[in-house]
Engineer: 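One structure coming up, written as structure tokens, with questions to follow.
Every number for a ligand or one of its atoms is a count from 1 in the order of the listing. What you are looking at is a predicted structure, and each value in this text was computed from that prediction instead of being measured.
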Amino acid sequence: MKNIQPLNYDIIKNEWQLLINNTNTATHQILMNLSDQEVWQLVDAYYQYMLQDEKAKLFLSTAQVEERLSASMNNWLRKVLGSSCEDLSELITHQRNVGEVHARIGLPIDLVARGARKLKYELFQLLLNKPLLSEKEISDAIFFSGMAIDSAIEVMTVAFTPSHQKMMHDQEHFRLLTVYDDMSVERERQLGALKDWENQFIYNIATELPFEERVLLSDSEFGLWFSHKGQHIFRQPDLIKKIDSLIQKIDRLITTEFANESSNTFSRIHLLRLLRQDIEQVNMILSSIFEEIVKSENGKDPMTKLLTRRFIPTIMRREIALSISSGKPFTIALLDIDYFKKINDNYGHAVGDSTLKSIAVWLHEYARSSDYVFRYGGEEFMLLLVETTLSQAQLLTERLRNYIASQKIEVDVDTSFNVTISAGLVEFDNHPDYQRLINKADKMLYQAKNNGRNCIESYPFGMDNSL
Ligand SMILES: Nc1nc2c(ncn2[C@@H]2O[C@H](COP(=O)(O)OP(=O)(O)OP(=O)(O)O)[C@@H](O)[C@H]2O)c(=O)[nH]1
């Protein structure tokens, strides 16, 4: 992917360290000695302010989040203000993680900046109103705390940007793939448009159409499609660049060599040959890129035809936003085939593959068309059951588990075997970070495996821990 630079946190770390060293001990003490009541007062003011914003509400409004975030915000503030006593590398790593979580849940970066501004405002007010401090002590404390908070937010922003860029890229890719329902049709249409342009061009040369009336490849139907749509659907930047430079090369040939050529048939044929070679290359590259997309079945796993896990973030973010705004539940199930390795070992990889395909078909049959079915990993699947509570999901997955266990996988006319699955379920708990939810389902799946397999375990609804 383009535009993502390797991250370097050393500058921030060195400058933060310098700030700490250049600040006198008394200032560090003032900030570290803020009472619990004072820090809570800052955190409360921050949340009250942020909750006035509709956008922020989506991320902060649920009771569970409020409680959890208030505690972690309190902790964060203590650590940043007391950074002289912290391991700075660890503190920076923590800010990076926070920035990555913000990107994952789609928290806009301007909200983070606004929150930090509010927090600084409240903190500065608090310091300014401390009667026992001198003006110098207050201004030193304001200076250090302002700079330390800015440093922490800067680390979050540096971490946020590439994660956010990747998220936006995947989201856009998913959107485009769903717009182009049938990539094979699109492939035929565009390869056809390229051929049409070539034939028309040769005809125009043969009939000696005036130079001004000849259409450049970049202005042709294909050229326009490529620059407006094709470039954005394809994910191979090197190949896109290659096509782009071939189109430019072809157009240069037309505007220079073809424009200057005499009516000499020999030189014309030579030029047409050159043109054809380049078009042939465009054709080949384009076909190979489309091939890749068609193979991946519009973002689906080629073997099982299920959605690949790459689209989990995009879909989970969308379902989480929907669930928070509508108040409707959803439940996810992580399913794993039991002793799958043995199937491969006993019957061969091809039978393993066909087992995966059968399971995918059964999952599809049991899910509604509004649900999502992902191939999560090798022999792991994920169901996202929309508008479904945990108890409804338990019924459905139990039926599915029983059904799968009752089916026979045929190896040949004389041989067949049974296969079972284990699953972990969790209902959406209003926390905007989908990764936490998946971790809970994973924990339950692990428990199901430990409980002997061929069973389903559910994360108790409403229970929270520090996953
Ligand atoms: N045939 C086939 N095998 C795969 C594929 N992807 C992963 N596997 C295999 O799936 C097996 C998974 O094995 P394990 O993770 O040990 O799990 P398991 O044997 O199912 O055991 P439990 O999950 O503990 O019940 C590995 O041997 C992988 O090689 C695939 O696409 N096709």
Engineer: Quick one: does NZ or CZ of Lys118 land under 6.0 Å from the six-membered ring centre of Tyr49, within 45 degrees of the ring axis?
Structural biologist: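 Ring-cation test returns yes.
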
Engineer: May I ask you to list the atoms of ligand 1 that are less than 4.0 angstrom from any heavy atom of Asn344?
Structural biologist: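 Reading through ligand 1 atom by atom, the close ones are 1 (N), 2 (C), 3 (N), 4 (C), 9 (C).
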
Engineer: Among all protein heavy atoms in this structure, tell me which lies nearest to atom 22 (P) of ligand 1, with the distance rounded to 0.1 Å.
Structural biologist: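 I find the closest protein heavy atom is Lys449 NZ, 3.4 Å.
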
Engineer: Select the closest option to atom 5 (C) of ligand 1 among Arg453, Lys342, Lys341, Arg375, judged by heavy-atom distance.
Structural biologist: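 Result: the heavy atom closest to atom 5 (C) of ligand 1 is in Arg375.
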
Engineer: Side chains of Leu307 and Val373, heavy atoms from C-beta outward: is any pair under 4.5 Å?
Structural biologist: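 A side-chain contact under 4.5 Å is absent here.
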
Engineer: Under 4.0 Å between a side-chain nitrogen and a carboxylate oxygen: does that hold for Arg368 and Asp371?
Structural biologist: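 Answer for the salt bridge query: yes.
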
Engineer: Can you tell me the protein heavy atom closest to atom 6 (N) of ligand 1 and the distance?
Structural biologist: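 Atom 6 (N) of ligand 1 sits closest to the protein heavy atom Gly378 CA, 3.3 Å.
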
Engineer: Verify side-chain contact (heavy atoms from CB on, under 4.5 Å) between Glu410 and Thr415, making sure each step is shown before the conclusion.
Structural biologist: CA-CA 6 Å; Glu410 309 280 341; Thr415 326; over 6 Å; no

Engineer: Determine if the distance from atom 26 (C) of ligand 1 to the closest protein heavy atom is below 4.0 Å.
Structural biologist: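 There is no protein heavy atom less than 4.0 Å from atom 26 (C) of ligand 1.
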
Engineer: What are the atoms of ligand 1, with element, lying closer than 4.0 Å to any heavy atom of Gly352?
Structural biologist: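 With Gly352 as reference, the close atoms of ligand 1 come out as 1 (N).
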
Engineer: Answer yes or no: does an N/O atom from Leu356 fall short of 3.5 Å to an N/O atom of ligand 1?
Structural biologist: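 It does not: no N or O of Leu356 is found under 3.5 Å from an N or O of ligand 1.
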
Engineer: When only distance counts, is Phe340 in polar contact with ligand 1, meaning an N/O pair under 3.5 Å?
Structural biologist: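 Yes, at least one N or O pair falls under 3.5 Å.
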
Engineer: Please compare Asp345, Asp353, Val351 and report which has the shortest non-hydrogen distance to atom 2 (C) of ligand 1.
Structural biologist: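 Considering heavy atoms of Asp345, Asp353, Val351, the nearest to atom 2 (C) of ligand 1 sits in Asp353.
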
Engineer: Look at the rings of Phe330 and Phe428 and say which category their plane angle falls in: under 30° parallel, 30 to 60° tilted, over 60° perpendicular.
Structural biologist: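 Correct class here is parallel.
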
Engineer: Suppose I only count heavy atoms of Met303 and a 4.0 Å limit; which atoms of ligand 1 are within that range?
Structural biologist: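 Those qualifying, in numeric order: 31 (O).
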
Engineer: Of Lys242, Arg252, Arg273, Lys249, which meets salt bridge (Lys or Arg N to Asp or Glu O under 4.0 Å) against Asp278?
Structural biologist: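 Considering Lys242, Arg252, Arg273, Lys249, a salt bridge (Lys or Arg N to Asp or Glu O under 4.0 Å) with Asp278 is found only for Lys249.
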
Engineer: Would you tell me whether Gln407 and Asn418 have side-chain atoms, one donor and one acceptor, within less than 3.5 Å of each other?
Structural biologist: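 Note: Gln407 and Asn418 side chains miss the donor-acceptor criterion.
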
Engineer: Taking the six-membered ring of Phe374, is the NZ or CZ of Arg309 close enough (under 6.0 Å from the centre) and on axis enough (within 45°)?
Structural biologist: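 Not satisfied by the 6.0 Å and 45° rule.
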
Engineer: Considering only heavy atoms, which of Lys357, His349, Glu380, Glu379 lies nearest to atom 14 (P) of ligand 1?
Structural biologist: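 Of the listed residues, Glu379 has the closest heavy atom.
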
